[in-house]
Structure formats: structure tokens, C-alpha cells
Engineer: 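Okay, handing you the structure first.
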Amino acid sequence: MKTFYNKIIIVLFFLTGQWLLAQYEISGKLSNYDSLWTNEIYLSYFAPDGYGYNMMSEDQIINSDILDEQGNFKIKGNSLPDHNSIVRLHLGSEKSKYTLSMRPINHIHMILNNQSKIYVEARDFSSAPLKYNVSGDFSDQNEKIKELEVLLSNINTLRNENYSKTGYGKELLSFKRNQDIRNFCLSNNYPLVDFLAMENTNLEKEYLKNPVFYESLLQKMKQSKEGPSPYINSFEEELAIIKLKNNMQKTNPEVIHYMIITGILAIIVVALIGYILYLKKSSIAIKVNSYKERRGVANSKILIEQLNKREKQILELIIKEYQNKEIATELHLEISTIKTHLSKMYQKLKVKDRTHAKKRFGHILK
């Protein structure tokens, strides 16, 4: 029994050890880079639903190394997902380690997983198309990626021609670009390479022109030996979204007409309801203000009734814009006496000064 347990422990240790020790290793040598790029080389994960073919962000970088004086490097790790993955190997620039350059070029794409051993040798890590060789695991797929990048580089070269800058020239170049990418996919048997090729085309626009090709391409990718892959799933989802949007745009004209009329009627009904509510609210506000005004007048009259005859006379003269000296002359009283009456009057009327008194009681005594 003890021997049996020992064997189980040995087997588990072997399997676990294999998993723990499993790691990718990308090594190589780059030449003619130091006048353009720094000696920092980065490995980034190209996510199925992430940034585009020529785009870069910090969260994509999963590993890095420093080139020695001869341009040698080695990047090791096990930070990739469980499936076969597309990665990008690129050099940093003085301005940013996230720069992706097309002319001159500073990056390559490849396929690997956490068990892959790959060697990269670039004789001129600056030219476009980039002169490089990749050996080791996934060599056939990576050779196809190299073929794709040479194709794309040649197309980009045509962009600099004068004829390609005119309206017709741009249209012709776009047609040739998409035709070349489709022809490339027809000669390719690796779905992840097809996925990279599709990243270089306006899929929604091109699908509507040639849906049969892209549906066939999807079936070819799903039937490959690659097996289930998030890259294939992402491509399938993108096609499904394009078809859904296209079907929505092709809705029956009668249905669209009905929807427009229904929408207009709904807007009219909502507007009428809003107007009725506004009138109702305005009516209530008028009634409330009228009630407050009547109540305010009644309260003001009650306060005025508390004044004696002399104080009422003074209040009436204040409302007529009389000053203290003028009031004293009018009533044949001393100014000091007028001030005494004013003080008592303000207390009874619950006002601060003559301005407040005129504002509150002027409309009643006029």
C-alpha cells in the first residue's frame, strides 16, 4: 500500500512539475536596430477583442528583455492564456515603448503558447518589409504571418505613389488591398493567421460586398485542426453583428413607414399631455398666488388698523415720498416727534424702515 501511494505521489509530482516548469522561450538576435530603436524589446499579447493590428497599449505587454551589445535577447515566461496565442514582439523608441512603426518597421507578429520554443533572427530590424526568420514551434504559421506582413508592407508602399492620393487612386488601391488579402486567406490554412489578415480590412464594409467569401472563411477557420479558439469565436461574433446590423437596415419599407407615423403620433400625444400638465400647473400657481396676495392684503390691513391716527397720517405721507422734515412741516410737529412716531409705527407694522413700509403697504393706502 505504501508503495502504491508513493507511485501516486511521484506521478502527481511529475504532472505538476511539468505544468510549473512549462514556459515559452523566445530568443534571438537583432541587427541594425540601435540607430532607430532602444535596446528594450517587449512581448505583448494580441487579444481577440483587443486593440487593432497596428495599435498598442500598456496593458498588452506581458514580458520584456534588454538586448546585449550583439543584439541577443531571451524572453521566458508562462503568462499566456491556455490557448494558442498571437503575440507581438517589438522594440521601444526614445519617445515611448508603445510606439508601433510601419516605415521603418519595429515589430513582428507570431503564434505561440506557454510551451513554445522560438528563435528569431533579424538581419535588418528597420526595413519594410522586415527581413527576419523565425524557427522553432509554429514555424509554418509564423512563416505565413511573415508572408502576410510582406504583403501589407508592399501595399503600404503603393500608398506613397502619386496616383494613390487621388479619389480614384484611393478606391483602386483599396480594392487591390482587399483582393490581395482575400487571395492570401485562400492560400492559407491557419485560422489565427486568417484572423490577423482580417484585422487589416474593413470587415463590415467588405462583408456586404462579398458575404459568401467571409462566410466560407469562417467555416474554414472553424473546421481547422486549431480547435476551439477565442480568435475564431471573436471573428464569428463580429460577422454576426454585421449581419444583424445589415438586416436591421433592410427592414420592410412599410414597417419603417408605420414606425415613423407611430413615432410622430407618440410625440404629439406626449406634447399634448405635457401642455395639459403645464396649464394645470399654471392654473394652480395662479390660484396659490392669488390666495397669497389676498391673504397678504388682509394681514396688512390688520396691521394698519393697529396704528393711531397720527401714525396713519405719517404712513400715508411716507408712501407719498415725504421726507421727515416735510412730514414735520405738514403736520406742524417737531422732527424729533416724527422720528418717535416712525419708530413706534415700524414696530407695529413689523417693517425695518420706510422703504420696506412703502413696498408692503403702498398699494393698500393709494
Side-chain angles (χ1 to χ4, degrees), residues 49-52 55-59 95-99 167 204 241 244-366:
D49 54 353
Y51 293 85
M55 299 178 67
M56 187 70 202
S57 72
E58 182 177 9
D59 56 359
K95 293 183 178 180
S96 172
K97 64 182 179 181
Y98 312 122
T99 300
E204 181 171 356
I241 292 171
L244 178 62
K245 289 173 64 176
N246 187 46
N247 289 335
M248 290 175 64
Q249 292 170 0
K250 290 184 177 180
T251 305
N252 191 317
E254 294 182 1
V255 175
I256 294 176
H257 182 68
Y258 172 78
M259 291 172 63
I260 292 173
I261 293 176
T262 303
I264 292 173
L265 290 175
I267 292 172
I268 293 173
V269 170
V270 171
L272 286 174
I273 293 174
Y275 183 65
I276 292 170
L277 292 175
Y278 168 76
L279 291 177
K280 186 176 180 180
K281 185 177 180 181
S282 299
S283 176
I284 293 172
I286 291 171
K287 291 179 180 179
V288 170
N289 291 334
S290 178
Y291 170 75
K292 289 181 177 179
E293 185 177 348
R294 293 196 304 272
R295 184 175 178 183
V297 170
N299 291 337
S300 297
K301 288 181 178 180
I302 292 173
L303 293 175
I304 292 174
E305 291 300 323
Q306 296 178 10
L307 302 179
N308 58 37
K309 182 179 178 181
R310 184 64 74 187
E311 290 168 348
K312 287 182 181 180
Q313 289 175 331
I314 294 173
L315 178 60
E316 290 173 355
L317 293 173
I318 286 175
I319 292 170
K320 293 178 181 179
E321 304 292 341
Y322 277 58
Q323 300 301 316
N324 288 354
K325 187 176 180 180
E326 295 172 326
I327 295 173
T329 302
E330 181 73 19
L331 299 179
H332 306 290
L333 297 172
E334 297 292 332
I335 292 180
S336 60
T337 304
I338 298 300
K339 290 182 178 179
T340 301
H341 285 305
L342 283 173
S343 178
K344 292 179 180 180
M345 184 186 70
Y346 291 157
Q347 291 179 359
K348 292 178 181 180
L349 296 178
K350 299 180 180 179
V351 296
K352 297 178 180 180
D353 51 31
R354 64 175 56 213
T355 302
H356 192 185
K358 285 191 293 182
K359 182 178 180 180
R360 184 169 181 180
F361 302 99
H363 65 286
I364 297 175
L365 296 177
K366 280 185 177 180

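Counting from 1, the numbers follow the sequence of the chain as shown. Values reported hereafter were calculated over all heavy atoms of this structure, with side chains retained and with hydrogens, waters and symmetry mates removed.
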Engineer: Measuring from Ile314:CD1 to Lys309:NZ, what's the distance to the nearest 0.5 Å?
Structural biologist: 13.0 Å
Engineer: Could you tell me if the side chain of Glu334 sits less than 4.5 Å from the side chain of Lys339, heavy atoms only?
Structural biologist: no
Engineer: Hey, could you give me the CD/CD distance between Glu330 and Glu316, rounded to the nearest 0.5 Å?
Structural biologist: 11.0 Å
Engineer: Rounded to the nearest 0.5 Å, what separates atom NZ in Lys348 from atom CG in Asn308?
Structural biologist: 5.0 Å
Engineer: How close do Gln313 and Arg310 get, counting heavy atoms only, and between which atoms?
Structural biologist: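 Result for this residue pair: OE1-NH1, 3.0 Å.
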Engineer: Kindly check if the number of other-residue, nucleotide or ligand heavy atoms within 6.0 Å of OH (Tyr322) is above 12?
Structural biologist: no
Engineer: State the OG1-CD1 distance between Thr329 and Ile335, to the nearest 0.5 angstrom.
Structural biologist: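 Spacing of OG1 (Thr329) from CD1 (Ile335) equals 7.5 Å.
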Engineer: Is there a side-chain contact between Arg354 and Leu342 (heavy atoms, below 4.5 Å)?
Structural biologist: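 Sidechains of Leu342 and Arg354: in contact.
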Engineer: Do the side chains of Leu333 and Ile327 get nearer than 4.5 Å, heavy atoms only?
Structural biologist: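 No - every pair of side-chain heavy atoms lies 4.5 Å or more apart.
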Engineer: To the nearest 0.5 angstrom, please state how far the CD1 atom of Ile268 sits from the CD1 atom of Ile273.
Structural biologist: 12.0 Å
Engineer: Would you say the side chain of Glu321 lies within less than 4.5 Å of the side chain of Lys358, judging by non-hydrogen atoms?
Structural biologist: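 They are in contact (side-chain heavy atoms under 4.5 Å apart), so the answer is yes.
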Engineer: Of the non-hydrogen atoms in Glu311 and Lys344, which two are nearest, and what is the gap between them?
Structural biologist: OE2-CB, 3.6 Å
Engineer: Could you state the interatomic distance from OG1 (Thr340) to CE (Met345), rounded to the nearest 0.5 Å?
Structural biologist: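 The distance works out to 12.0 Å.
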Engineer: When you compare the side chain of Thr337 with that of Leu331, does any pair of heavy atoms fall below 4.5 Å?
Structural biologist: no
